[in-house]
Every structure is written in C-alpha cells, then in structure tokens.
Amino acid sequence: SCTMSFSEAEVQSARGAWEKIYVDAEDNGTAVLVRMFTEHPDTKSYFTHFKGMDSAEEMKQSDQVRGHGKKVFTAINDIVQHLDNTEAFLGIVNPLGKKHATQLKIDPKNFKIICDIILQLMEEKFGGDCKASFEKVTNEICAHLNNAYKEAGW
C-alpha cells in the first residue's frame, strides 16, 4: 500500500478550501452531479432513477440527485478529516472503491470526472488558490480509488 504525503500546511489549506464548499454540501453536491450528468450524459446510465431526466432544472429539483450529491460530499468530507492519517483515509477510500467496483460496477474514470468538476466549482466560487490547495487531495482520492479497483480485480 502506498502512503500519502501531505505536509501539515497542505492538510490545513486543503481543509480550509474544502470547508468553503462543504458549508453548502447539498447544493454544491447537487451542482457537481448536475454538471456531470449534463456534460457527460453517459454517467447517468449508472443511476436508473436519473435516466429519464434531461433538463438540468429537473435534476436540480430531484430529491434523489440532491441526496446523492450530499452523500458524495459527506464521503469526501470524511476523507478530508483523515488526510493526516493514512490508515483512516484508506479505511474510508478502500471500501468505497470496492463497493463502486464490485456492486455498482462504475467505470473508475468517472471519479476523475467528478473530482475535476469539484475543482472547477471551487475555482469558480472561491478562486484559483482554493482549487490549487485541493487538487492534491482529489489526485490522492482518485489514485487510491483506482487502486481499490485493481485489488477488486477490475
């Protein structure tokens, strides 16, 4: 297993950046999913109950989209709390990766898509510094999720 290397300063600035967007977890989580479904329509195929929704407006109002957006943000929030503890970080990321690989059968490229959209949203709302301080986190999350996929035999 690979260990992560976040300096104390990186952990603090990543948490600071994340807090800004996590304050509105449901709205921002929803915005991220709506953008993903709109810009990458194939990602909708994994969510049977979102399939019929074509307009961004309809998706924004959907309790299921909102619920999943919040779920994604809550999971990332748990991960962000453990950037300074590799074991705890992997304890969250590995089961998440395994579940998406084995039960949900989600193509791992979608993690990169969703992380990139989160970074875009951070930049739009809070500027480039905010995005820059969170980029390493999303890279680590994606790397470890992909690793969990490999271990699950993807």
Side-chain angles (χ1 to χ4, degrees), residues 1-7 10-51 53 59-60 62-123 125 130-154:
S1 76
C2 26
T3 52
M4 300 177 308
S5 50
F6 287 100
S7 69
E10 284 173 328
V11 169
Q12 293 314 322
S13 72
R15 283 186 182 149
W18 176 250
E19 268 163 31
K20 290 179 182 168
I21 201 163
Y22 188 65
V23 173
D24 295 312
E26 191 173 317
D27 283 342
N28 287 324
T30 301
V32 166
L33 286 186
V34 169
R35 192 176 290 189
M36 180 174 80
F37 294 148
T38 311
E39 293 174 4
H40 306 271
D42 58 305
T43 57
K44 274 200 302 189
S45 66
Y46 294 107
F47 297 91
T48 46
H49 42 281
F50 304 166
K51 263 189 196 150
M53 291 180 205
M59 291 179 214
K60 271 186 200 119
S62 157
D63 288 341
Q64 283 147 327
V65 175
R66 297 188 71 78
H68 196 72
K70 181 137 197 252
K71 205 178 189 177
V72 169
F73 266 49
T74 303
I76 295 173
N77 191 57
D78 290 344
I79 291 168
V80 169
Q81 302 317 311
H82 298 98
L83 294 176
D84 42 12
N85 179 339
T86 303
E87 210 174 316
F89 175 97
L90 293 175
I92 298 165
V93 174
N94 287 342
L96 203 65
K98 199 173 171 184
K99 182 182 181 188
H100 281 76
T102 57
Q103 285 171 35
L104 305 169
K105 312 250 192 282
I106 307 260
D107 188 317
K109 74 173 186 334
N110 293 316
F111 295 123
K112 180 88 180 95
I113 292 172
I114 207 165
C115 283
D116 286 346
I117 294 171
I118 289 170
L119 292 172
Q120 276 170 22
L121 193 66
M122 281 183 155
E123 186 166 31
K125 290 190 167 217
C130 183
K131 175 192 170 185
S133 57
F134 204 67
E135 212 152 355
K136 186 170 175 180
V137 175
T138 58
N139 289 339
E140 286 289 338
I141 291 173
C142 287
H144 288 285
L145 284 169
N146 284 328
N147 211 32
Y149 267 66
K150 284 191 195 97
E151 284 174 16
W154 183 267

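Asn77 and Gln81 form a side-chain donor-acceptor contact under 3.5 Å, judged by distance and modelled atom types alone.
The two atoms that bring Asn28 and Ile21 nearest to each other are ND2-O, 2.8 Å, heavy atoms only. Nearest heavy atoms, Ala148 versus Lys98: CB-N, 4.1 Å. For the residue pair Glu10 and Ser5, the shortest heavy atom distance occurs at OE1-O, 3.7 Å. Between Phe134 and Ala17, the shortest heavy-atom contact is CB-CB, 4.4 Å.
No donor-acceptor pair closer than 3.5 Å links the side chain of His40 to the backbone N or O of Met36. The closest donor-acceptor contact from the side chain of Tyr149 to the backbone of Asp107 lies at 3.5 Å or more, if one exists at all. For the pair Lys105 (side chain) and Thr102 (backbone), a donor-acceptor distance under 3.5 Å is present. Between the Lys44 side chain and the Met53 main chain, a donor and an acceptor come within less than 3.5 Å of each other.
Taking CZ of Arg35 as the start and CG of Asp116 as the end, the distance is 11.5 Å to the nearest 0.5 Å. Here the CG-CG distance, from Asn147 to Asn94, works out to 7.0 Å after rounding to the nearest 0.5 Å. For the atom pair CD1 of Ile117 and NZ of Lys112, the computed distance is 11.0 Å after rounding to the nearest 0.5 Å. In this structure, CZ in Arg15 is found 10.0 Å from CZ in Phe6, a value given to the nearest 0.5 Å. Remark: Lys131 NZ to Leu121 CG distance equals 12.0 Å, nearest 0.5 Å. Summarising the geometry, atom CG belonging to Asp78 is positioned 9.5 Å from atom CG belonging to Leu96; distances are rounded to the nearest 0.5 Å.
Classification of the Tyr22-Phe73 ring pair by plane angle, with boundaries at 30° and 60°, yields parallel. Using the six-membered ring where Trp is involved, His49 and Phe47 have ring planes that are perpendicular, over 60° apart on the 30 and 60° scheme.
Within the 4.5 Å cutoff, no side-chain heavy atoms of Met59 are placed close to those of Phe50. Proximity of Phe111 to Ile141: side-chain heavy atoms (C-beta onward) are nowhere separated by under 4.5 Å. Using a 4.5 Å heavy-atom threshold, the side chains of His68 and Thr30 count as separate. Side-chain atoms of Val72 and Ile114, non-hydrogen and from C-beta on, do get closer than 4.5 Å to each other. Annotation: side chain of His82 is in contact with side chain of Ile92 (closest heavy-atom distance under 4.5 Å).
For CG of Asp42, the number of neighbouring non-hydrogen atoms (other residues, nucleotides, ligands) closer than 6.0 Å is greater than 12. Within a 6.0 Å radius of NZ in Lys71, other residues, nucleotides and ligands contribute 12 heavy atoms or fewer.
Salt-bridge check for Lys70 with Glu26: failed, with every basic side-chain N at 4.0 Å or more from each acidic carboxylate O. Ion pairing between a basic and an acidic side chain is recognised when a charged N comes within 4.0 Å of a carboxylate O; Asp24 and Lys125 show no such pairing.
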Item checked: Worked check of side chain to side chain contact (heavy atoms under 4.5 Å, CB included) between Tyr46 and Leu104 -> CA-CA 8 Å; Tyr46 294 107; Leu104 305 169; over 6 Å; no
